[in-house]
Protein chains: 2
Amino acid sequence: MSAEAIPSERQQAVLDAVLELLVEKGDALTMTAVARRASCSKETLYKWFGDRDGLLSETVRWQASQVRAGNFDAQHLDSSALRDSLRDFAANWLSVISSRTSLALNRVAIGGAGSPPNTLGAIVLANGRFAIGERLKPVLEAGRAVGLLHFDDTEETFRTLFGLVARDVQVRLLLGEAIELKPDEILADAQRAVTQFFALYGARENPAKPGH
Amino acid sequence: MSAEAIPSERQQAVLDAVLELLVEKGDALTMTAVARRASCSKETLYKWFGDRDGLLSETVRWQASQVRAGNFDAQHLDSSALRDSLRDFAANWLSVISSRTSLALNRVAIGGAGSPPNTLGAIVLANGRFAIGERLKPVLEAGRAVGLLHFDDTEETFRTLFGLVARDVQVRLLLGEAIELKPDEILADAQRAVTQFFALYGARENPAKPGH
DNA sequence: ATTCAACCGTACCGTACGTTACGGTTCGGC
DNA sequence: GCCGAACCGTAACGTACGGTACGGTTGAAT
């Protein structure tokens, strides 16, 4: 597979097997185990993906292609619509970073990010943090255009929103703490983050009252 | 070494060698390389630290014992003193999580956090995220006691401050992005985080004007 | 001077994994 | 029905590493 090609159905099945094993075994994933789980030969793995790193890279892209959340349209943008969009984004982001597959992929990417070439880390960043940023910035700027938000630097503003949403959750999960996020907790957390975000960047009329 | 003992000077030299190699080689650290770098025998390594995991655990504790920042006293607590304390905390925390040694240790801990027993991840969390929380909470509560801060849940409040300080920096660094944080940038970032924090939790007189 | 414990350097063992090679099988095209 | 490509299952190779064993050396206590 070249870096741009879409994996065939058979190849997708292999990549799903990789995801399964990554969740189960963590970085102790072996090519033999992948071949056995996917009922394919190791020779095929190497023909399709080049080497172990290529297989993992393709797995990252495959998983990323599955979590693209719905787009946010900038139509009928009043305050509550913007708040809803941001809340949905935050909730989606929280459930992604706390999903077992995302955690497993981030772990192997981080574990291998020590010494170059650091292919996995770059791919994860491009498909995770930066992809979400590019999808959200138009929403923030649309909110600013209609006077609902006040800020200068879109990138900086997004980073603050990112911090308010993720807080210490991602690092704690990556380090193995067993945090269970139920759907309603995720929604409440997302709501809190958005409320705080509007307290910082929202239009000044109707000052928010954060704190609990 | 038992889990509680203080390493001897010779042992500290070994642990420093581990830190060096961890920064250089990442998770590809081998016992042979440690022995060679530290000019000691592998037999001694195993006698002192039990096994590879024990060596890494002791290294985490050793590094953590070196980054304890100065305590914050709650005397003469006016608004600017509290802001300074929080800013110093934030700046210290940013420089710690962006240091090469901390990054290397977090990477190996995260890489091994996939499958139990996850000793390293727990140790890193206890000495990092949770230790900093326990040291900062008294400051927040002292600020609340004198009416400078308004909040209900100390833990929740700290987590928000954590998010405002770290934002996406830690994850991006862990994934291998080459972000250089100069001291003045760290200080400016810390200042921004504290300003935003006071906008959310500060006393209502003198409303802050965040955004840049 | 002797003893003894700690330690260094190195050789060694078992194992596990990435990668390659090969024989057998399936299946679409002719 | 035949051919060739793609693929499966497995065996094999080379290497690298964690962990152990052992002889030699130092240095302090007696």
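The structure presented is a predicted model; accordingly, all values stated were derived computationally and were not measured. In what follows, every chain begins at residue 1, and chains take the letters A, B, ... in the order their sequences are listed.
Between dG18(C), dG9(D), dC7(C), one nucleotide has an atom nearer to the side chain of T30(A) than all others, and that is dG18(C). Set against dG19(D), dG9(D), dG9(C), the side chain of E43(A) has dG9(D) as its closest nucleotide. The side chain of C40(A) sits closest to dC8(D) out of dC8(D), dT19(C), dA6(C). Set against dA6(D), dC8(D), dG19(D), the side chain of R52(B) has dG19(D) as its closest nucleotide. Comparing atom distances between the Y46(A) side chain and each of dC8(D), dT20(C), dG9(C) picks out dT20(C) as nearest. Ranking dG9(C), dA12(D), dG9(D) by closeness to the K42(A) side chain, first place goes to dA12(D).
For the residue pair K42(A)/T32(A), the side-chain donor-acceptor check at 3.5 Å is satisfied. A donor-acceptor pair shorter than 3.5 Å cannot be found between the side chains of T160(B) and T157(B). In this model, no donor atom of one side chain and acceptor atom of the other lie less than 3.5 Å apart for Q196(B) and Y201(B).
Between dC7(D) and W48(A), a contact under 4.0 Å exists linking OP1 or OP2 to a side-chain N or O. Using a 4.0 Å cut-off, some side-chain N or O of T44(A) falls inside it from OP1 or OP2 of dC8(D).
When all heavy atoms of A193(B) and V165(B) are compared, the closest pair comes out as CB-CG2, 3.8 Å.
When rounded to the nearest whole Å, the span between CZ of R10(B) and P of dT26(D) equals 16 Å. Nucleotide dT10(D) holds its P atom 17 Å from the CE atom of M31(A), rounded to whole Å. Remark: C1' of dC17(D) and CG of L55(B) are 15 Å apart, rounded to the nearest angstrom. Atom NZ in K25(B) sits about 13 Å away from atom P in dA16(D), given to the nearest Å. In this entry the distance linking CD of Q11(B) with P of dC8(C) reads 11 Å, nearest Å. For F49(B) and dC7(C), the CZ to P distance is 11 Å, given to the nearest whole Å. A straight line from CG of L56(A) to C1' of dG18(C) spans 12 Å, rounded to a whole angstrom. Rounded to a whole Å, the CG atom of D27(B) is 11 Å from the P atom of dC17(D).
R36(A) comes within contact range of no nucleotide atom at all, as no heavy-atom separation falls under 4.0 Å. Using a 4.0 Å heavy-atom criterion, one finds that L29(A) contacts the sugar-phosphate atoms exclusively.
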Return a table of donor-acceptor pairs under 3.5 angstrom between the side chains of residues 118-129 of chain A and protein atoms on other chains or two or more places apart.
| residue | atom | partner | partner atom | Å |
| --- | --- | --- | --- | --- |
| N118(A) | OD1 | G121(A) | N | 3.1 |
| N118(A) | ND2 | L175(B) | O | 2.9 |
| T119(A) | OG1 | D53(A) | OD2 | 2.8 |
| N127(A) | ND2 | I123(A) | O | 2.8 |
| R129(A) | NE | D168(B) | OD2 | 2.6 |
| R129(A) | NH2 | E155(A) | OE2 | 3.0 |
| R129(A) | NH2 | D168(B) | OD2 | 2.8 |

